[in-house]
Protein chains: 2
Amino acid sequence: MKLDPRHLEILAAIVEAGGLTEGAALLGKSQPSVSRSVSLLEDRVGEPLFLPTRRPLQPTELGLALAQEGQRILSAGRHASRLVDEHRQGLAGAVRVAGTPIFMDGVISNVIAEFQAEYPNIRIDQSYGYPTELLSQLSAETLDLAILPMRPADVSDEYEFRQILPGRNVIACRVGHPLARKKEVKLEDITEYSWIAPPANSPLFRDLRNTLDGIGMRDFKISFTGGSLSAVVNVLTGSDSLTVLPFSVVFMMQRQKTLTALPIKIGDPDRHLGCVTLNARSTSASSNRVLDFIKQKFETLDRLICSASG
Amino acid sequence: MKLDPRHLEILAAIVEAGGLTEGAALLGKSQPSVSRSVSLLEDRVGEPLFLPTRRPLQPTELGLALAQEGQRILSAGRHASRLVDEHRQGLAGAVRVAGTPIFMDGVISNVIAEFQAEYPNIRIDQSYGYPTELLSQLSAETLDLAILPMRPADVSDEYEFRQILPGRNVIACRVGHPLARKKEVKLEDITEYSWIAPPANSPLFRDLRNTLDGIGMRDFKISFTGGSLSAVVNVLTGSDSLTVLPFSVVFMMQRQKTLTALPIKIGDPDRHLGCVTLNARSTSASSNRVLDFIKQKFETLDRLICSASG
DNA sequence: CGCTCAATATAACTTTGGGTTATGAAGCTT
DNA sequence: AAGCTTCATAACCCAAAGTTATATTGAGCG
């Protein structure tokens, strides 16, 4: 005996409202409609659901019990509707975000923390990766949003790129580092220090190598490699090593007075940090929320950086 | 955005079964049917519920969330179906039973106790009353089953009467009562004792009065009145009073060795105890369960009484 | 007791959509 | 590349939900 859940909903509304007419109004239907639905339900059930000839309509035992189930169905339906609405407005859902490890840990994670406070029902699934793999993940639709350093000209039509910060890498060291005290630092000065190297396939590593190549320095001493940002920072602050980091990461850490940047820019000046999404697909509302939020936060961050270090 | 609960059920089945085809089988529908239902739901929701072009069909975030609501709806529906089945088989529901107070307390309540053990989901709403009022309650359908002493010939066509015991009232006293020791008790012997009188409008009281009228005894000393069975028994066992009780009640209490019956029958030999129901209405399955149970129990009780006291 | 009013039931009809079978298209598998 | 499985589409039928209009029936009241 399979019952139509809509019938149970109608029954629940009638019992709750206390009458056919009121129940119909509650459901936004006409009175004859619900009347006949009840008749159909009673036919299927084979037993009366309302006491006959009682004007303040009173349900039978069974009618009351079924109405309770109807209430459960109604509430599940309402909950489902709410989920849909939230999804469509981008107030709920899940967004898969990925980016280069150092930048994600150093900058994006702070932004995401703020985002979570504002949109608690959007789940962020974060992962790490480098441009080529992340772009293919976007194409395969296993990723919604990548945050990468790119040359805008290199971005194919398949993707949409929105710049959030100029790509500006710097050489970072601890605050009390000997070089940090100098007024002017020449490239030659840095040759004597050992390096914390970013992963070999990372853009940062390429930038570092290119820069050192530029001054004819083929070999450089590597004292530490393979760590995440927090490990790198710990090693950096506990030694005189140098490393290359996005300036924005160093900027964010200046508050803790542990890191500083040498006044030497390295890397490709045409490459900028930005959000990459798939162009074809209409991105989900929640992804757009994340995207907008990041763009907005980085506008203010960009201004901060510019005013602080012109 | 009101969603069709049936769509959510279908979604839940698909997600649970892991595919359209399996989901359709689970629901006992054809695959194209559920396929189109999903399409309709996706149209309404405005967002995809399944990841496209993935063969082991995988729901989206929203799809999964809605499927959970669908599961709630499914379980509510299954529960409702079970309620209906139980009702139809008379395994659940409520039955309104009434009868004369002394007989209900002394005999029927024991039977109801056994009934409850066998049918825990049937609720018994018991009340007390005398024939005229209970018959009119049956007519008004505010009562399902009355247990009353009646003359079968007096029962109108409106009702159906099923005899469960011969109506046999006796004079009851405590076990150690002076009269109880005598081999033969004449009516004259009882005149000196005081009486516990049943309520004035009860059949028992009428039987008592008629009997005493028959031996020319218009006045009799009443020492206690208005109590329920347990009060009457307490007074009876603590004094030499007499009272009139249905023999079945005394029989049930003989086990406790507190009451006994004088070998004098009083009352109307044409009146019998039986179950009265409304004839017109098809009685509910659960009422029939109660009725059948009572009839069956009283068949064995009747045999017991006959064999014990010929 | 009958009148009136309000609530429910019925009627007649339209439209939505769920059910079917048959068939086409698209992924995995081998 | 062939074949099998699975999902999507098409074309159709019919159950039933929705509508408006109207009849019926209780409940309350003078």
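Chain A is the first sequence line, chain B the second, and so forth, proteins listed ahead of strands; every chain is numbered from 1.
The distance from atom CZ of B/F50 to atom P of D/dT6 is 15 Å, rounded to the nearest whole Å. One can place CG of A/L51 at 14 Å from P of C/dT8, the figure rounded to the nearest angstrom. Rounded to whole Å, the distance from CG on B/L11 to P on D/dC7 is 14 Å. What separates CG of A/L26 from P of C/dA7 is a distance of 16 Å, to the nearest Å. B/L3 has its CG atom 13 Å from the P atom of C/dG18, to the nearest Å. Between the CG atom of B/L41 and the P atom of C/dG17 there is a distance of 12 Å, given to the nearest Å. Rounded to whole angstrom, the span from the CG atom of B/L40 across to the P atom of C/dT16 amounts to 12 Å. Per the geometry, CG belonging to B/D43 stands 14 Å off C1' belonging to C/dT16, to the nearest Å.
Across all strands shown, B/T21 has heavy atoms under 4.0 Å from sugar-phosphate atoms exclusively, and none from any base.
Looking only at atom types and distance, the side chain of A/T60 has no donor-acceptor partner in the side chain of A/E47 under 3.5 Å away.
Here the side chain of B/R36 is nearest to one of D/dC12, D/dA8, D/dA17, namely D/dC12. Listed nucleotides: C/dA9, C/dT20, D/dT9. Nearest to the side chain of B/S35: D/dT9. Out of C/dA9, D/dC7, D/dT19, the shortest distance to the side chain of A/Q31 is found at C/dA9. Considering only side-chain atoms of A/K29, the nucleotide from D/dT6, C/dT8, D/dG18 that sits closest is D/dG18. For B/H7, whose side chain is taken as the heavy atoms from C-beta onward, the closest listed nucleotide among C/dG18, C/dT10, D/dT6 is C/dG18.
Along DNA chain D, the nucleotide nearest to A/I10 and the one nearest to A/P32 differ in position, and the one closer to the 5' end is contacted by A/I10.
The list of side chain to side chain donor-acceptor pair (under 3.5 Å) pairs with a residue in residues 2-12 of chain B, not counting sequence neighbours, reads A/K2-B/E9, A/E9-B/K2, B/D4-B/R6. Sorted by first and then second residue, the salt bridge (charged side-chain N to carboxylate O under 4.0 Å, His left out) pairs involving residues 69-90 of chain B (not counting sequence neighbours) are B/E69-B/R72, B/R82-B/E86.
Looking at B/L135 and B/M150, their side chains come closer than 4.5 Å, going by heavy atoms from C-beta outward.
In this structure, A/R6 does not reach the C/dG18 phosphate: none of its side-chain N or O atoms is under 4.0 Å from OP1 or OP2.
In this structure a side-chain-to-backbone donor-acceptor pair under 3.5 Å is present from A/D144 to A/R96.
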